[in-house]
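Worksheet: one structure, shown below.
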Amino acid sequence: MTLVDPALRATRTTCPYCGVGCGVLATPDGSGGAAISGDPSHPANFGRLCSKGSALGETLGLEGRLLYPMIRCSKGTMERVAWTDALDHVAHRFRHIIARDGPNAVAFYLSGQLLTEDYYVANKLMKGFVGSANVDTNSRLCMSSSVAGHRRAFGADTVPGCYQDLDEADLLVLVGSNAAWCHPVLFQRMLANKQTRGARIVVIDPRRTETAGDADLFLGLKPGTDTALFSGLLVQLADSGALDSGYIERHTSGFEEALARARNIAGSIGATALATGLSEPEVAEFFRMFVQTQRVVTLYSQGVNQSAQGTDKVNAILNCHLATARIGKPGASPFSLTGQPNAMGGREVGGLANQLAAHMGFTPPDIDRVRRFWKAPRIATHEGLKAVQMFEAIGRGEIKALWVIGTNPAVSLPDADAARAALKKLDLFVISENVRSNDTVRSGAHVLLPAQAWGEKSGTVTNSERRISRQRAFLTPPGEARPDWWIVSEVAKRLGFGAAFDFKSAADVFREHAGLSGFENAGSRDFDIGALTSLSDEAFDALEPVLWPMRPGESEPQPRFFADGRFFAHDHRARFIAPEIPALRSETTAGRPLRLNTGRIRDQWHTMTRTGLSPRLGQHLPEPFVEVHPADAIRFGVADGGFARVVTDYGQCILKVVVSERQQRGMLFAPIHWSEANASAARVGALVAPFADPFSGQPESKATPASITPYEYVFRGFALSRVPLQLPPQPWWARVTVNGGYGYLLADNADLARWQSWFGSVAGGELAEYRDFGGGVFRAASFVEDRIEACLFVGPARDAGDWNAVKTLFAADSLSDDQRRMLLSGKSADGLASAGPIVCACFGVGRTTICDAVAAGAGSAAEIGARLKAGTNCGSCIPELKRLIAQAGAAGDEQRRLARAAN
Ligand code: SF4
């Protein structure tokens with residue numbers, strides 16, 4: 001593999017979104033953009049990309065970028081300063097606060113989006129030279145329960161398997177994972193195994209997600225009961241003779257206690273059914289499949305991790321794999337799916353407050369070893385504060401200086417309003433960022449440092465299977481943007497640590513990171529890439545994707561761990577863990593009768609600072625919503641397509657209602673992506689309880705007691721504009737990027753005259769209006785020559801205008817006379833029905849068009865693809881196509897049943 005494919009002139013790099021870690025070919029267009037395709041030679045994806053990865057080329061614009069350092073001046077405004085001044089200021093203020101209040105009065109909050117080299121330098125500065133372990137990361141919210149579970153069971157944070165196991169398994173068990181939307185390329189790989197080898201898929205989730213559509217068995221268990229299900233499974237494995245007693249005897253400890261606890265929690269199929277809310281036949285079928293299949297991979301993700309009992313859930317799963325020795329063998333392993341592109345790299349360097357460095361902890365030998373390697377003058381000797389604790393300490397005034405690098409905690413933390421209030425108390429609040437403004441920046445930042453973005457920066461990331469890949473630069477960094485490792489190193493030099501931070505390049509940092517991993521290792525620690533310590537700059541540039549460990553002297557990497565029964569505890573044995581009796585941390589009450597689950601949607605990533613730039617990705621689910629079971633919708637008086645206020649003890653949001661049987665009764669689901677930057681009232685993090693797991697510190701993001709009530713708006717509508725709009729105060733709105741500009745979906749109770757006057761004040765060019773105030777309708781457009789500059793459609797819900805049809809006209813460079821006349825009708829100019837909400841982002845195929853094709857006889861995703869092309873590029877929408885086909889089938893069955901009954 002080479003850095004640049006000479007035939008294509010494409011740079012080989014890695015996708016910046018999820019933990020699948022797909023290889024990307026980026027071909028710059030010379031104007032700041034690039035054509036994007038999947039890298040056929042990358043072993044994570046073999047050329048495939050999902051909808052998000054495919055749209056990366058639409059996210060490279062410089063709009064909203066932070067281009068130079070800024071400091072808040074005495075008048076309270078942010079002023080541009082030179083890099084030297086910004087770095088001097090940050091170092092001076094850190095030094096002052098450390099001298100005054102001690103090293104634990106300062107903290108870094110990092111990100112799973114950082115490159116390993118950025119992470120390494122920040123971790124080294126804080127833990128080795130400032131002398132505090134207050135370094136934590138948004139990965140705490142993502143997979144820290146898996147880390148804690150691994151460390152308890154294996155003695156190290158080791159992912160035992162690799163992606164090849166997904167091709168070779170006979171049974172794939174997905175627990176708390178909507179892989180169809182959150183790890184789409186890996187999910188396609190699992191489906192390929194199902195199609196070619198007949199692997200069966202079990203999906204365990206309180207929500208019937210798109211992933212469940214392809215399951216041979218779906219278990220819609222009650223929230224928080226995964227531990228009970230896997231405890232019941234351990235009992236079943238023991239009682240049916242499926243244990244590997246020799247492996248248990250030779251390589252593990254604690255089995256009897258764990259089994260006794262499992263019997264206590266769920267000692268039979270009946271007890272498991274009772275504890276989980278599943279039926280006995282469902283439980284029995286799952287147990288039968290697991291017991292009878294040697295090649296089983298259990299994949300778990302945020303539904304397991306984001307829980308106040310997340311570590312116990314992980315260990316309940318690991319117990320079943322250890323008990324059967326189905327670990328680290330081809331097609332047989334537990335497998336933690338990481339959410340973020342470099343959560344694993346962060347774990348490798350130790351960028352979590354309860355790790356020291358390079359998979360070493362705070363034991364005296366590890367502290368001594370790292371101290372000697374770094375020549376660290378004041379190394380941290382105990383764990384620091386994990387994310388939730390860290391922000392609570394900021395709120396109490398104990399942490400006085402915070403440096404946030406590459407993340408948006410004012411949106412993503414639980415109890416996010418409290419986190420935002422805490423940020424305003426800081427004496428020093430530094431942010432390294434790509435964007436000029438986001439909710440965290442607006443929470444009182446004192447210093448903004450412009451960091452390089454994806455496509456500009458260079459270094460390494462590690463995916464879910466321990467594969468290190470290069471992220472390579474293919475664009476010139478804009479303005480004065482710099483690599484994060486450089487920014488932190490410059491501050492370190494100004495703090496007096498120049499000799500330890502004299503890095504000249506990302507390759508320099510990587511070599512030191514590799515050196516530390518191999519230092520006094522000799523197989524005693526899992527993470528070892530010592531063989532890469534002496535890479536030349538050229539070899540680093542050309543580094544192929546490689547699995548770790550890469551121990552010195554070994555020519556081939558080791559793809560799997562633990563089949564030989566050698567673990568990383570001092571006695572080399574794995575530990576069975578007896579989990580606590582499962583119980584959610586909070587009770588529902590008469591005032592909060594429901595539980596709020598939060599998560600991702602298919603086409604957005606985190607707080608949308610990158611995916612929100614893509615018109616293609618904005619088409620799928622453009623509005624923030626809450627999903628409600630039909631029975632709960634009736635009970636609480638909310639209607640599909642209407643609005644609802646969702647309230648918890650921590651905050652409230654107003655969201656569009658989606659009534660769906662995919663949602664379990666008693667549960668709500670709301671996506672996490674919207675912030676104050678792109679919606680009026682949809683920061684879902686503000687609703688989430690700050691309860692955290694006692695071992696991992698990971699917050700429970702999926703079970704906050706909540707209430708829902710209808711919220712009425714008289715008017716609905718939308719605005720489209722070539723430039724961002726300042727909307728009048730009060731309305732509900734959500735912003736989405738559209739082809740040619742910005743779209744705002746609106747709802748309001750103010751009178752129409754206010755909208756008329758507002759549009760007159762923001763629209764330039766030639767104005768056209770349609771006004772029926774008596775009927776509650778106002779529509780207006782402004783034109784420059786034959787192009788729409790801006791338009792506004794407001795009306796009652798049934799008559800607000802067709803968003804998709806008007807959006808199409810807005811995207812055009814010029815309108816014909818007919819189109820111009822039709823525009824204010826709010827219907828499509830050719831008189832055709834709207835395509836409906838977009839399902840296939842790649843080809844812009846809408847739900848109505850797909851349903852019409854199904855009604856006309858398309859009975860499979862392949863047939864829809866043949867007729868409409870939908871699903872034939874990235875494949876991310878195929879699960880949704882299958883669901884629409886199934887729904888049409890069910891509706892047809894119902895019609896036939898009614899017809900028979902009528903006869
Ligand atoms: S699955 Fe999609 S988001 Fe994840 S790494 Fe691959 S292309 Fe990127």
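These numbers come from a predicted model, not from an experiment. Whatever order the structure lists ligands and atoms in, that order sets their numbers, starting from 1. What you see below is based on every heavy atom in this structure, not just the backbone, and it leaves out hydrogens, waters and symmetry mates.
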Would a 4.5 Å heavy-atom cut-off, applied to side chains only, mark Glu465 and Gln164 as touching?
no

Is the charged tip of Arg470 near the ring of Phe540: under 6.0 Å from the six-membered ring centre and within 45° of its axis?
yes

Less than 6.0 angstrom separating the ring centers of [X] and [Y], yes or no?
| X | Y | answer |
| --- | --- | --- |
| Phe335 | Tyr300 | no |
| Trp485 | His513 | no |
| Trp454 | Tyr17 | no |

Rounded to the nearest 0.5 Å, what's the gap from SG on Cys18 to CG on Leu186? Could you check?
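The CG atom of Leu186 is 7.0 Å from SG of Cys18, to the nearest 0.5 Å.
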
For atom 6 (Fe) of ligand 1, which protein N/O/S atoms are closer than 2.8 Å?
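The answer, once waters are left aside, is Cys22 SG.
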
